[in-house]
Number of protein chains: 2
Amino acid sequence: MISQKTKYGLKALGYLAALYGKGPVLIAEIAQKKKIPIKFLETILLQLKQNQILDSKKGKGGGYFLMSSPKKTSLAAVYRIIEGPIAMLPCVSLNFYQRCKDCNEKHCGLNKILIQTRDANLKILEKKTIYDLIDE
Amino acid sequence: MISQKTKYGLKALGYLAALYGKGPVLIAEIAQKKKIPIKFLETILLQLKQNQILDSKKGKGGGYFLMSSPKKTSLAAVYRIIEGPIAMLPCVSLNFYQRCKDCNEKHCGLNKILIQTRDANLKILEKKTIYDLIDE
DNA sequence: ACATTACCCTACTAAAACAGTAGATTTTGC
DNA sequence: GCAAAATCTACTGTTTTAGTAGGGTAATGT
């Protein structure tokens, strides 16, 4: 299960993708259209900006917008920023790897299986982009 | 990421799979070999017993053992018992489905993507069994 | 019968993560 | 300079996680 925060983040990105190229979008507008608590959304968008997924403009006429074309950013990148590792255990993670203290990875049956699920998820999340989040 | 509890549960099942058919195994033995806190392991094994994955025998010579052949039980079944839904959101779950209050699933871009990851994970977890958890 | 062995159960707790809220500050366009 | 909008800091209540403590209960070998 992903956190509410990740869900909201992805929804917001889908909304911004649909409006890509049309200038900054107000936080309030995203919050209202996607039914996300505005102050919570604030923290999410800020985090996405700090990681170069979004850019923003302050003051009147300001708002948030995608930093690059929605087809350029993979969902794997977004997922890692908001949610963290894609793998089910740290010892199987590519970007957040941590050695397993209590088992030998070379001989671990669980390890081999989780590598498979990791790769299956990666294959999808690396291919899909923010553009795919746009609602029909 | 899966919880420590799920990780321990799977490790324990792998150990029991290797000893399948050789009679009950002591909790203390599993705990020591797999480096799991014994009292924590107790609760996990109990939960697996209550869900017909394990069976146990009390008294001298007692212990825990797999209820059926390790190749008969899928990891998907075990995962759902200890960890819960395999899907990333309730609105995409087969066994723990909950309608999305704030969006229309038919038109949700996120929904379509998460169905794909769910199916990819299911394909692996339904096929793999407790037998595959045995360490080399 | 009885001690031993081992499963079973209840309650508790410290720490972390989650899901937000409140309010002040800074930047910008006009 | 004013209003609109993002930004920053800090806080809070709730839930989940990862256990621990301590005993109760049931079965077994002798």
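Quick note: numbers below take in every heavy atom, side chains included, and nothing from hydrogens, waters or symmetry partners. Sequence lines set the chain letters: A, B, ... in the order given, protein chains first and strands last, and positions in each chain run from 1.
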Derivation of the side chain to side chain contact (heavy atoms under 4.5 Å, CB included) call for B/Gln47 and B/Asn51: CA-CA 6 Å; B/Gln47 190 180 359; B/Asn51 287 277; 4.0 Å; yes
A/Tyr8: partners by ring pair (Phe, Tyr, Trp, His ring centres under 6.0 Å), with sequence neighbours left out: A/Phe40
Which residues share a side chain to side chain contact (heavy atoms under 4.5 Å, CB included) with B/Ile134, sequence neighbours left out: B/Ala17, B/Ala18, B/Tyr131
Pair listing, salt bridge (charged side-chain N to carboxylate O under 4.0 Å, His left out) test, anchored in residues 18-30 of chain A, at least two apart: none
Side chains of residues 61-77 of chain B: which donor-acceptor pairs under 3.5 Å do they make with residues two or more places apart or in other chains?
unit_1, atom_1, unit_2, atom_2, d
B/Ser69, OG, B/Lys71, N, 3.4
B/Ser74, OG, B/Ala76, N, 3.4
B/Ser74, OG, B/Ala77, N, 3.2

Positions of residues 14-23 of chain B (non-hydrogen atom under 4.0 Å from DNA chain C), listed by number: none
Sugar-phosphate or base contact per nucleotide [nucleotides 11-21 of chain C; S, B, -; heavy atom under 4.0 Å]: --------SBB
Length of the CD-P vector between B/Glu29 and C/dT5, whole Å: 16 Å
For A/Gln116, side chain to side chain contact (heavy atoms under 4.5 Å, CB included) partners two or more places apart: B/Ile124, B/Lys128
Check: B/Gln50 main-chain N/O paired with B/Gln52 side-chain donor or acceptor under 3.5 Å: yes
Neighbour count >12 (heavy atoms, 6.0 Å) for atom CD, A/Gln98: no
Main-chain N/O of B/Ile86 paired with B/Arg118 side-chain donor or acceptor, under 3.5 Å: no
Whole angstrom value for the distance that separates P of D/dT17 from CE of A/Met1: 12 Å
Strand-adjacent residues in residues 46-54 of chain A, judged by heavy atoms under 4.0 Å from DNA chain C: none
Whole-Å distance separating the CZ atom of A/Phe65 from the P atom of D/dA6: 11 Å
Side chain to side chain, B/Asn111 and B/Lys106, heavy atoms closer than 4.5 Å: no
Partner of A/Leu45 under side-chain contact (heavy atoms from CB on, under 4.5 Å), chosen from A/Ile27, A/Val25, A/Ile36, A/Leu13: A/Ile27
Touch class at under 4.0 angstrom, heavy-atom based, for A/Leu45 against every strand present: nothing
Nearest-Å distance for atom pair CD/P, residues B/Glu42 and D/dA21: 13 Å
Interatomic distance where NZ belongs to B/Lys35 and C1' belongs to D/dA18 [whole Å]: 19 Å
Set of residues satisfying side-chain hydrogen bond (donor to acceptor under 3.5 Å, both in side chains) with respect to A/Lys49, sequence neighbours excluded: A/Ser56
B/Lys127/A/Ile113 under side chain to side chain contact (heavy atoms under 4.5 Å, CB included): CA gap, chis, key distance, verdict: CA-CA 11 Å; B/Lys127 193 166 229 165; A/Ile113 292 164; over 6 Å; no
Non-neighbouring partners of B/Lys112 that pass side chain to side chain contact (heavy atoms under 4.5 Å, CB included), sequence neighbours left out: A/Glu136
Within-4.5 Å side-chain heavy-atom neighbours: B/Leu114 and B/Thr117: yes
Residues in contact with DNA chain C, drawn from residues 86-100 of chain B - heavy-atom cutoff 4.0 Å: none
When you compare the protein's N or O atoms with those of nucleotides 26-29 of chain D, which come within less than 3.5 Å of each other, and at what distance?
unit_1, atom_1, unit_2, atom_2, d
D/dA26, O4', B/Lys58, NZ, 3.1

Non-hydrogen side-chain atoms of B/Lys7 and A/Cys91 separated by less than 4.5 Å: no
Between D/dG19 (P) and B/Ile44 (CD1): distance, integer Å: 9 Å
